[in-house]
Structure formats: structure tokens, C-alpha cells
Number of protein chains: 2
Amino acid sequence: MPQGKPDHVPADGLTTRQRRDRPLVVVHTGAGKGKSTAAFGLALRAWNQGWPIGVFQFVKSAKWRVGEESVLRTLGRVHDETGEGGPVTWHKMGEGWSWSRRPGTEADHAADAAEGWAQIRRDLAAETYRLYVLDEFTYPMKWGWVDVADVVDALASRPGRQHVVITGRDAHPDLVAYADLVTEMTKVKHPMDAGQKGQKGIEW
Amino acid sequence: MPQGKPDHVPADGLTTRQRRDRPLVVVHTGAGKGKSTAAFGLALRAWNQGWPIGVFQFVKSAKWRVGEESVLRTLGRVHDETGEGGPVTWHKMGEGWSWSRRPGTEADHAADAAEGWAQIRRDLAAETYRLYVLDEFTYPMKWGWVDVADVVDALASRPGRQHVVITGRDAHPDLVAYADLVTEMTKVKHPMDAGQKGQKGIEW
């Protein structure tokens with residue numbers, strides 16, 4: 001819940017409006033829940049603004065994100081049929097560039113992740129979307145499959161007003177240093193502590 | 001991203017499935033971003049399961065949640081028209097029980113919040129919804145407008161398999177103690193630190 005007044009006003013030569021409308025790089029990291037759900041919550045706001053949304057799902061299991069994918073695809077269909085909201089494109093590692101739960105070596109997985117990132121880089125340069133959800137994208141950087149310096153460079157040089165949300169644990173310090181908004185989700189208490197496994201409708 | 005194995009298995013007489021499917025009370029608190037967006041992200045998963053969703057918006061400005069409300073209402077309409085997903089009901093303080101941005105004394109606001117809570121209590125007893133999003137509901141408890149002991153009592157005695165998500169800063173310790181899943185959203189970095197105010201599509 002943001003307050004209306006910034007702590008200070010920088011001498012950056014921008015008007016309040018220009019400064020306010022600068023595109024953001026948002027990072028949701030930490031060991032707690034809510035990193036991806038909050039990113040998809042942001043996608044709802046973007047859809048309502050009519051923004052084109054690109055989701056890139058760097059995620060380890062086909063079960064994850066089935067709820068979000070279903071809803072975002074439904075919202076994309078509503079847009080196509082009625083013109084309400086924005087168009088939605090969902091890119092999934094499982095379709096062309098998944099790295100997990102299929103036969104494959106680590107080299108394959110790294111190549112898949114690099115291929116996904118190359119697509120994002122092209123889309124940023126082409127201003128394909130207004131909001132990018134790069135779900136669980138911290139991991140390919142952590143594992144060295146995608147070069148964090150290359151990511152920061154592509155983000156810093158992206159044209160226009162494209163917002164980018166990146167989720168996942170252990171966000172690289174260079175990414176955190178570059179990002180505009182970084183939130184750490186911290187676990188206070190989790191049902192698994194009491195022996196309860198994940199359930200549908202809550203975890204996926 | 002939950003792992004498959006709980007840390008330990010309690011001697012509670014439940015099967016793994018019974019324990020897994022226990023209804024949850026989820027709290028998103030802390031001073032960082034993402035508390036409400038993550039709650040609405042959970043609502044996407046619930047919708048995809050076909051669950052009836054009740055949103056109770058204890059929120060201070062008409063501008064907040066316009067994106068989420070638009071999308072959830074669209075999803076509710078899709079359900080009504082096609083049977084996909086679940087039905088959605090959106091309760092807003094601004095329509096009958098808002099406490100802010102209108103003339104009124106603090107006593108009015110407290111009464112409005114208490115009225116909203118009384119409705120939730122009735123809905124819990126009647127099993128009206130499968131997922132409740134009580135957005136910014138920590139504040140009425142913090143300010144003493146709603147009795148936290150009454151909230152915990154109603155949650156503890158709710159029948160069936162109703163999940164409840166509560167968002168807002170400064171969650172009461174008794175609520176945290178009762179909840180199953182508590183995440184604290186911590187601000188690492190915020191654009192307002194650099195003099196940037198909130199913008200549409202991101203903050204609402």
C-alpha cells in the first residue's frame with residue numbers, strides 16, 4: 001500500500017509524471033510463498049489496463065501454474081473476443097524449452113533456458129509486450145545458464161515503457177542492484193511445518 | 001515453490017490426503033509489496049478449480065484493486081456464461097460499508113468494518129465460498145474495530161473446507177499464531193525511495 005509522497009524528489013530533470021511512469025523492473029525473491037502469485041496478481045492490473053502481457057514460465061513441473069495459465073489464457077481469449085483488457089501470450093518451457101521432468105542432460109536444460117532468454121531479449125528489443133512475467137527466472141541465472149550481466153544489459157537498454165517482473169529465490173545481487181522494486185517474501189509459518197503437503201487450488 | 005516432503009509427519013490420526021486437504025488460513029503481512037497481489041494470485045488458482053470466491057475489500061481508496069476487481073468480475077462473468085472456473089462475488093466497503101474518502105466519523109468507520117466482518121462470519125457459517133480474500137483486513141483488527149479473538153473463533157469453528165486469505169500490515173500476533181501459512185513481505189527496494197510515485201497497471 002504505497003503512500004502518496006515519495007521520501008525525496010531527485011534532481012533528475014524529470015517531471016513527476018515522467019518519473020512516475022518510468023518502466024519498472026520488479027523482483028520477487030526470498031524463501032517464502034507468494035513470489036509468483038504476486039507476479040500474476042500484477043498481471044491482472046496490467047490486463048485491466050489493456051497491456052499486452054507475455055508470460056515466460058521457467059518452471060520445473062507441468063503441474064505448477066496450471067491455475068494461473070488457465071486464467072491468463074481465459075483473459076486473453078476474452079480480449080480477443082470482446083476487446084476488453086489486454087492480449088496474453090503464455091510461453092512455457094514444457095512446450096519447446098522445458099528443462100525438467102523429461103529425459104535430458106543438464107546441458108540440454110541450460111540450452112533450453114538460454115533459448116527462452118534469447119526469445120525474451122528479442123521481445124524486449126521489439127517491444128512485444130508491456131508487462132513481462134519471467135516466472136522462476138532467478139534459477140537459470142543462479143545456475144549460470146543465463147548470464148546475469150547480459151540480463152541487466154538487456155533490461156537497461158530496453159526501449160519504451162516495458163515493465164518486467166522476475167520471480168524466484170536467490171535473486172542475483174547484480175539483478176537486485178539494478179531492479180527498481182525488490183520484495184523479499186519471508187516464511188513465517190508454512191503448513192508443511194505441520195506435516196501438510198501442498199494441495200490443489202492453493203499451490204497450483 | 002513447495003517441495004514434496006514435509007519436514008515431519010505428525011501423529012494426528014489423519015491420512016496424508018486428509019492432512020493435505022485441510023482448509024488453510026493464510027496471512028500475507030509485512031511492509032513490502034505483494035501482499036494483496038499474491039492473495040489475488042491465489043484467487044486465480046481457486047477460480048481454475050471452480051471454487052466459489054468471495055472477496056471482501058477492506059481497503060482505503062476506490063482506486064485500489066480496480067484491476068483485480070475488473071478481472072475477478074470478468075472471470076465471474078465467464079463462469080456464469082460458460083460454466084468455466086468458479087463464481088466470484090466482490091464485496092466492497094465503498095458500496096454499503098466503505099470507511100474512507102467519504103464524510104464520516106471514526107465510529108462510522110468502525111461500524112462499517114464490523115458490519116463487513118459480521119457478513120463474513122455469516123458466510124463462513126453458511127459455507128458460502130470456498131476461498132475468502134479478506135483484503136487489508138488486518139487494519140480493522142489492529143484498530144480494535146473487529147475483535148481478533150472473535151475472528152480466530154470464527155475461523156477455528158468454520159465448517160467444511162473453506163480457505164481464508166487475510167492481507168495487510170501488522171497482522172495481530174493472535175491471528176499469526178492461529179494461521180496455517182504466514183508470509184511476510186519485506187521491502188528490499190521500492191521506486192518511491194528514488195522519488196517515483198505509484199503508477200497505473202503496477203499499483204492498481
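Treat the numbers as computed from the prediction; the structure is a model and nothing was measured. When reading the values below, keep in mind they use all heavy atoms of this one structure, side chains included, and skip hydrogens, waters and symmetry mates. Throughout, a chain's letter reflects where its sequence line sits, starting with A, and its residues are numbered from 1.
Contact detail for A:S70 and B:W47: the closest heavy-atom pair is OG-CZ3, 4.2 Å. The nearest pair of heavy atoms linking A:N48 to B:V66 is ND2-O, 3.7 Å. Between B:V71 and A:L75, the shortest heavy-atom contact is CG1-CD1, 3.7 Å. Counting all heavy atoms, side chain and backbone alike, B:L42 lies closest to A:T37 at N-CG2, 4.0 Å. Here the shortest heavy-atom pairing between A:I202 and B:R45 reads O-NH1, 2.8 Å. A pairwise comparison of heavy atoms in B:R22 and A:Q199 identifies O-NE2, 2.9 Å as the closest pair.
If you take CG on A:L44 and CZ on B:R65, they are separated by 11.5 Å, rounding to the nearest 0.5 Å. Here the straight-line distance linking atom OG1 of A:T183 with atom NZ of B:K33 works out to 8.0 Å at 0.5 Å rounding.
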Side-chain donor/acceptor pairs under 3.5 Å, residues 125-134 of chain A, sequence neighbours excluded:
{"unit_1": "A:T128", "atom_1": "OG1", "unit_2": "A:D123", "atom_2": "O", "d": "3.3"}
{"unit_1": "A:T128", "atom_1": "OG1", "unit_2": "A:D123", "atom_2": "OD1", "d": "3.0"}
{"unit_1": "A:Y129", "atom_1": "OH", "unit_2": "A:H91", "atom_2": "NE2", "d": "3.0"}
{"unit_1": "A:R130", "atom_1": "NE", "unit_2": "A:R161", "atom_2": "O", "d": "2.6"}
{"unit_1": "A:Y132", "atom_1": "OH", "unit_2": "A:D123", "atom_2": "O", "d": "3.0"}
{"unit_1": "A:Y132", "atom_1": "OH", "unit_2": "A:Y129", "atom_2": "N", "d": "3.3"}
{"unit_1": "A:Y132", "atom_1": "OH", "unit_2": "A:Q162", "atom_2": "OE1", "d": "2.5"}

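Ranked by heavy-atom pairs under 4.5 Å with chain A, the first of B:R77, B:H28, B:Q49 is B:Q49.
Within the 4.5 Å cutoff, no side-chain heavy atoms of B:T74 are placed close to those of A:T74.
Of the possible donor and acceptor atoms, one in the side chain of A:K189 sits under 3.5 Å from a partner among the backbone N and O of B:V176.
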